[in-house]
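Worksheet for the structure shown next.
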Amino acid sequence: MVADPGGGGGGGRGRGGSARWAGMAGAPTLLLLPALLLALTAPPRGAAELTDGNNEHLKREHSLIKPYQGVGSSSMPLWDFQGSTMLTSQYVRLTPDERSKEGSIWNRVPCFLKDWELHVQFKIHGAGKKNLHGDGFALWYTRERLTAGPVFGSKDNFHGLAIFLDTYPNDEATERVFPYISAMVNNGSLNYDHGKDGRWTELAGCTADIRNQNHDTFLAIRYSRGRLTVMTDVEDKNEWKNCFDVAGVRLPTGYFFGASAGTGDLSDNHDIISMKLFQLMVEHTPEEENIDWTKIEPSVSLLKSPKDNVDDPTGNFRSGPLTGWKVFLLLLCSLLGIIVCAVVGAVVFQKRQERNKRFY
């Protein structure tokens, strides 16, 4: 069970979980091979269990939940907003369905959690048809806050993490299917290239049908022990679907959560309905506890050079570790190799036994 990202504070919402691969010890024999094959050919599930959303793990100082306080005013407790952002009793509208608008909302309280999970309920909708809408919105965990800019209404060359929900393909040559969700980690040295839809600096991404839906749409962002996992619930199935899962991500504590959106010649309504932050109860080693997490520089240890990032229409990440189906296929190939070697060995052994019998 995970939390309902909707209006209430602590109600549960049933969703499909996921399991880690279990280690298997011992050398397989011919008698164990069928069972081993059956276990490995089962479809792999998502890469990380999401929190159950218990109230004791909900961090209200970092959460935006209905009923909102400050409706009709220019500010609200714990949150600041700017630009075209409008607070209503039902949603926070970052931009209306109008051209050339920018808006954002930012938490005032820096987050010092090492392990966290953010559930966001949102809605992107408008009158535009086919590709006549844009541009999308971004979710942020960054050092900077309340700084307008060209990246979905917020600052370029940021420090921290950004999750982009991009609804318009600026690069006509792209093979991606839009809307497209992607992640970017930045230490202030990288520019987001709108013309290429951020392809050169993308850490991972997936396609998701998130626009003009008649049902609730949700996104979950989990960061724990250097692993970044993003999942969606946008198909009205009441379950999380894996978008991407990447290890080797380093993010400091003391940054701010926020959301921003921008429109250009094309537009959409970009609404945030709730943002719920949960603390993950994770044990760390004494060495990790002694680290000054506020001094960590945002980085990705497995991120390739931008020139190595190429389009992958399947949505598989281009620079992460071996996870999910990649691990499954690797294990399956290894298992098939073991089976072949075992069968060949058995045949050779049997022939040698028959040959030895002829000499007696």
Side-chain angles (χ1 to χ4, degrees), residues 59-64 75-83 85 92 94 102-120 136-165 181-194 198 200-204 219 221-230 246-262 272 275-280 284 288-303 306:
K59 310 304 289 183
R60 294 187 178 274
E61 65 272 27
H62 302 299
S63 298
L64 178 67
S75 65
M76 60 188 304
L78 302 178
W79 295 84
D80 293 317
F81 51 91
Q82 68 173 4
T85 302
V92 178
L94 301 175
E102 292 181 353
S104 66
I105 184 167
W106 289 88
N107 191 206
R108 293 178 184 172
V109 184
C111 178
F112 290 98
L113 301 178
K114 300 182 185 70
D115 306 90
W116 48 263
E117 184 170 297
L118 181 67
H119 295 182
V120 182
F137 76 95
L139 298 166
W140 306 91
Y141 175 67
T142 56
R143 186 176 72 184
E144 304 84 1
R145 62 186 296 273
L146 281 177
T147 306
V151 184
F152 296 92
S154 195
K155 183 182 185 299
D156 203 353
N157 297 102
F158 58 91
H159 294 75
L161 169 70
I163 305 294
F164 303 117
L165 291 84
I181 300 173
S182 65
M184 176 180 175
V185 174
N186 198 352
N187 62 1
S189 65
L190 301 176
N191 295 99
Y192 179 84
D193 186 352
H194 263 294
W200 307 123
T201 51
E202 177 192 332
L203 172 61
L219 184 79
I221 307 168
R222 177 189 177 104
Y223 178 71
S224 181
R225 303 201 69 174
R227 195 172 198 92
L228 177 67
T229 305
V230 172
V246 182
V249 178
R250 289 176 57 84
L251 296 175
T253 60
Y255 281 11
F256 298 90
F257 288 101
S260 69
I272 301 293
M275 297 175 66
K276 294 182 179 182
L277 187 76
F278 298 91
Q279 180 178 7
L280 300 177
H284 289 268
E288 291 173 330
E289 293 292 351
N290 290 330
I291 296 174
D292 186 350
W293 289 72
T294 63
K295 303 298 184 182
I296 292 176
E297 182 177 0
S299 63
V300 183
S301 60
L302 298 177
L303 185 62

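The two residues Met275 and Ala259 come nearest to each other via the heavy atoms SD-CB, 4.4 Å. Pro298 and Asn187 make their closest contact through O-CB, 3.6 Å (heavy atoms, listed as atom of the first residue, atom of the second, distance). Nearest heavy-atom pair across Pro150 and His194 is O-NE2, 2.8 Å. The shortest non-hydrogen separation linking Leu280 to Ser224 is CD1-CB, 4.0 Å. Taking all atoms of both residues into account, the shortest heavy-atom contact from Ser182 to Glu202 is CB-CG, 3.8 Å.
Counting non-hydrogen atoms of neighbouring residues, nucleotides and ligands closer than 6.0 angstrom, the CZ atom of Arg250 reaches no more than 12 such neighbours.
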Decide yes or no on ring-ring contact (aromatic ring centres under 6.0 Å, His included) for Tyr141 and Tyr223, but give the supporting numbers first.
CA-CA 11 Å; Tyr141 175 67; Tyr223 178 71; 7.8 Å; no
Phe81/Leu94 under side chain to side chain contact (heavy atoms under 4.5 Å, CB included): CA gap, chis, key distance, verdict:
CA-CA 9 Å; Phe81 51 91; Leu94 301 175; over 6 Å; no
Begin with the C-alpha distance, continue with both residues' side-chain angles, and end with the deciding distance and a verdict on side chain to side chain contact (heavy atoms under 4.5 Å, CB included) for Leu277 and Leu113.
CA-CA 10 Å; Leu277 187 76; Leu113 301 178; 4.0 Å; yes
Which is it for Thr201 and Asp193 under the side chain to side chain contact (heavy atoms under 4.5 Å, CB included) test, yes or no, and what are the steps along the way?
CA-CA 8 Å; Thr201 51; Asp193 186 352; over 6 Å; no
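By the 4.5 Å heavy-atom criterion applied to side chains, Arg145 and Asp80 are counted as neighbours. At a threshold of 4.5 Å between non-hydrogen side-chain atoms, the residues Tyr192 and Asn186 do not count as touching. Residues Trp140 and Ser104 have side chains not in contact (no heavy-atom distance under 4.5 Å, counting atoms from C-beta outward). No side-chain heavy atom of Lys59 sits less than 4.5 Å from a side-chain heavy atom of Val109. Two residues are said to be in side-chain contact when any heavy atoms from C-beta on lie closer than 4.5 Å; Phe158 and Met184 meet this criterion. Leu203 places a side-chain heavy atom less than 4.5 Å from the side chain of Val249. You'll find the side chain of Trp79 stays beyond 4.5 Å of the side chain of Val92, heavy atoms only. When side chains are defined from C-beta on, Leu161 does not count as touching Thr142, because their heavy atoms never get closer than 4.5 Å.
The CG atom of Leu251 sits 11.5 Å away from atom CD of Glu297, with the distance rounded to the nearest 0.5 Å. Of the inter-residue distances, the one linking Leu118 atom CG with Arg222 atom CZ reads 13.0 Å to the nearest 0.5 angstrom. Between the CZ atom in Arg60 and the NZ atom in Lys276 there is a gap of 8.5 Å [rounded to 0.5 Å]. To the nearest 0.5 Å, the span separating CD1 on Ile163 from CD1 on Ile181 amounts to 9.0 Å. Distance check: Phe112 CZ to Gln279 CD gives 13.5 Å after rounding to the nearest 0.5 Å.
A donor-acceptor pair under 3.5 Å is formed between the side chain of Thr85 and the backbone N or O of Gln82. Side chain of Arg143 to backbone of Gly160: no donor-acceptor contact under 3.5 angstrom is found. Glu61 contributes no side-chain N or O that, together with a main-chain N or O of Leu78, makes up a donor-acceptor pair within less than 3.5 Å. Proximity of a side-chain donor or acceptor of Trp293 to a complementary backbone N or O of Glu288 within less than 3.5 Å is detected. A donor-acceptor pair is defined here as one N or O able to donate and one able to accept, closer than 3.5 Å; such a pair exists between the side chain of Asn157 and the backbone of Leu190. Between the Ser260 side chain and the Phe152 main chain, a donor and an acceptor come within less than 3.5 Å of each other. Counting only distance, with no hydrogens or angles, the side chain of Asn191 and the backbone of Asp156 share no donor-acceptor pair below 3.5 Å. A distance-only check finds no donor-acceptor pair linking the side chain of His284 to the backbone of Lys114 [under 3.5 Å]. Asn107 places no side-chain N or O within 3.5 Å of a backbone atom of Ser63 that could act as its donor or acceptor partner. Checked by atom type and distance alone, the side chain of Asp115 pairs as donor or acceptor with a backbone atom of Arg225 at under 3.5 Å.
Ring geometry, Trp116 versus Phe257: the interplanar angle exceeds 60°, so the pair is classed perpendicular (tilted spans 30 to 60°).
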